[in-house]
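Structure record follows, encoded as structure tokens.
Order of the sequence lines sets the chain letters (A, B, ...), proteins ahead of strands, with each chain counted from 1.
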Amino acid sequence: MPELPEVETTKRGIAPYVEGRVVERVILRRKNLRWPIPRAIRTALPGQRVETVARRAKYLLLHTQAGSALLHLGMSGSLRLLDAGLPARAHDHYDLVLDSGKALRFNDPRRFGCLLWQKPGETHPLLRDLGPEPLSAQFDGDWLWARSRGRSAAVKSFLMDQGTVVGVGNIYASEALFAAGIHPKRAAGSVSRARYARLAGEIRRVLRYAISRGGTTLRDFLAPDGAPGYFEQELFVYGRAGEPCKVCGTKIRSEVVGQRMTYWCPGCQR
DNA sequence: CGACACACCTGGATGC
DNA sequence: TGCATCCAGGTGTGTC
């Protein structure tokens, strides 16, 4: 499910309710998600005040003086803000109960998400090799161009590599490549510097716009207040195989590229 | 190092 | 209606 816009929407939804609050209690309904939930979540986190809520790539970080909780939503995870004590439903895996009487509750049917711990001053190994944030100044076409030299993999796979740029997943990779007029199967190393400059701009624009629409709800993504995202209506290619391109009318094509379904317009993308 | 296949897991849609 | 099959927004790991 969640790519950068959905995680950012989640962050903005929870931050006003979580920042400055004390995590009074942690309720774990299972011992592991993708990985075992570390002891520190039970021992170090309770009693801590959340100073800030941050996002790095598709991870959310709840920073406290004792360390940071590291949350990932995986494919099907979502966080909701609820009144504490409401009965848990299927796949509600943990609650962070706040001193406000609210609880941050994580639901994730597929359990690809995770809840980990990072000590103060340390960088969790999962965050170590991440590429630049797409909405930061460190990300631009020259970075993409330089990193892609000599690469034979499809440019779409290259974009989804979180070492290239973080936050771009299967939906937004297809959408940004459409916007930039680049064929997703083109070898990353064969894309010119000028076209990468355009692509970097389109990645930024698409992500920003998706954030402004509250993300994309395909099946089950909901913001912490229960609102769906509205970017689905703005998709040009993702999930539109066989339908006419909104720009030129050509039938949208789809094919598996790098193990992920990929969509493009043969008329608009070269 | 890069490229690729596979793994994890459940639920919803589709087809017979 | 029931059952089998396929597909899904992510990403670490193992192999070549």
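Note on A:Y172: every side-chain N or O is 4.0 Å or more away from OP1 and OP2 of C:dG9. Residue A:R260 has no polar side-chain atom (N or O) positioned under 4.0 Å from OP1 or OP2 of C:dC7. Proximity of A:H72 to the phosphate of C:dG10: no side-chain N or O atom is located under 4.0 Å from OP1 or OP2.
Cluster partners of A:Y230 are absent, since no Ile, Leu, Val, Met, Phe, Trp or Tyr has side-chain heavy atoms less than 4.5 Å from it.
A:E175 places a side-chain N or O within 3.5 Å of a backbone atom of A:Y238 that can act as its donor or acceptor partner.
One side chain, A:D108 or A:S76, offers a donor N or O that lies under 3.5 Å from an acceptor on the other. Using modelled atom types, one finds no donor on one side chain facing an acceptor on the other under 3.5 Å when comparing A:Y263 with A:E243. Of the N and O atoms on the side chains of A:S190 and A:R186, at least one donor lies less than 3.5 Å from an acceptor on the other residue.
As judged by a 4.0 angstrom heavy-atom cut-off over every strand, A:S157 is placed among residues making no nucleic acid contact. A:F231 comes within contact range of no nucleotide atom at all, as no heavy-atom separation falls under 4.0 Å. A:R111 comes within 4.0 angstrom of sugar-phosphate atoms only, judged by non-hydrogen atoms across all strands, and of no base. Using a 4.0 Å heavy-atom criterion, one finds that A:Q162 contacts the sugar-phosphate atoms exclusively.
Protein chain A contacts DNA chain B from B:dG2 to B:dG11, reading 5' to 3' and using non-hydrogen atoms of the protein with a distance under 4.0 Å.
Using atom P as the reference point in both C:dG14 and B:dC9, the two lie 16 Å apart (nearest Å). Nucleotides C:dG12 and B:dG11 place their C1' atoms 23 Å apart, quoted to the nearest Å.
Distance from the side chain of A:Y238 is smallest for C:dG9 among the nucleotides C:dG10, C:dG9, C:dG12. Closest to the side chain of A:M160, out of C:dG10, C:dG12, C:dG9, is C:dG10.
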Next on the checklist: Dot-bracket for DNA chain C, please. Rules: Watson-Crick or G-U, both distances under 3.5 Å, ( ) within the strand, [ ] when a pair crosses earlier ones, | for another strand, . otherwise.
Outcome noted: .|||||||.|||||||
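Taking atom CD on A:Q259 and atom P on C:dT13, their separation rounds to 17 Å, with Å as the unit. Rounded to whole Å, atom C1' of C:dG10 lies 15 Å from atom CG of A:L127.
The nearest heavy atom of DNA chain B to A:R34 and to A:R151 marks one nucleotide each, and the one closer to the 5' end goes with A:R151.
Note on ring orientation: taking the six-membered ring where Trp is involved, the planes of A:F178 and A:F236 are parallel (angle under 30°, cut-offs 30° and 60°).
With salt bridges taken as basic N to acidic carboxylate O contacts below 4.0 Å, none links A:R25 and A:D95.
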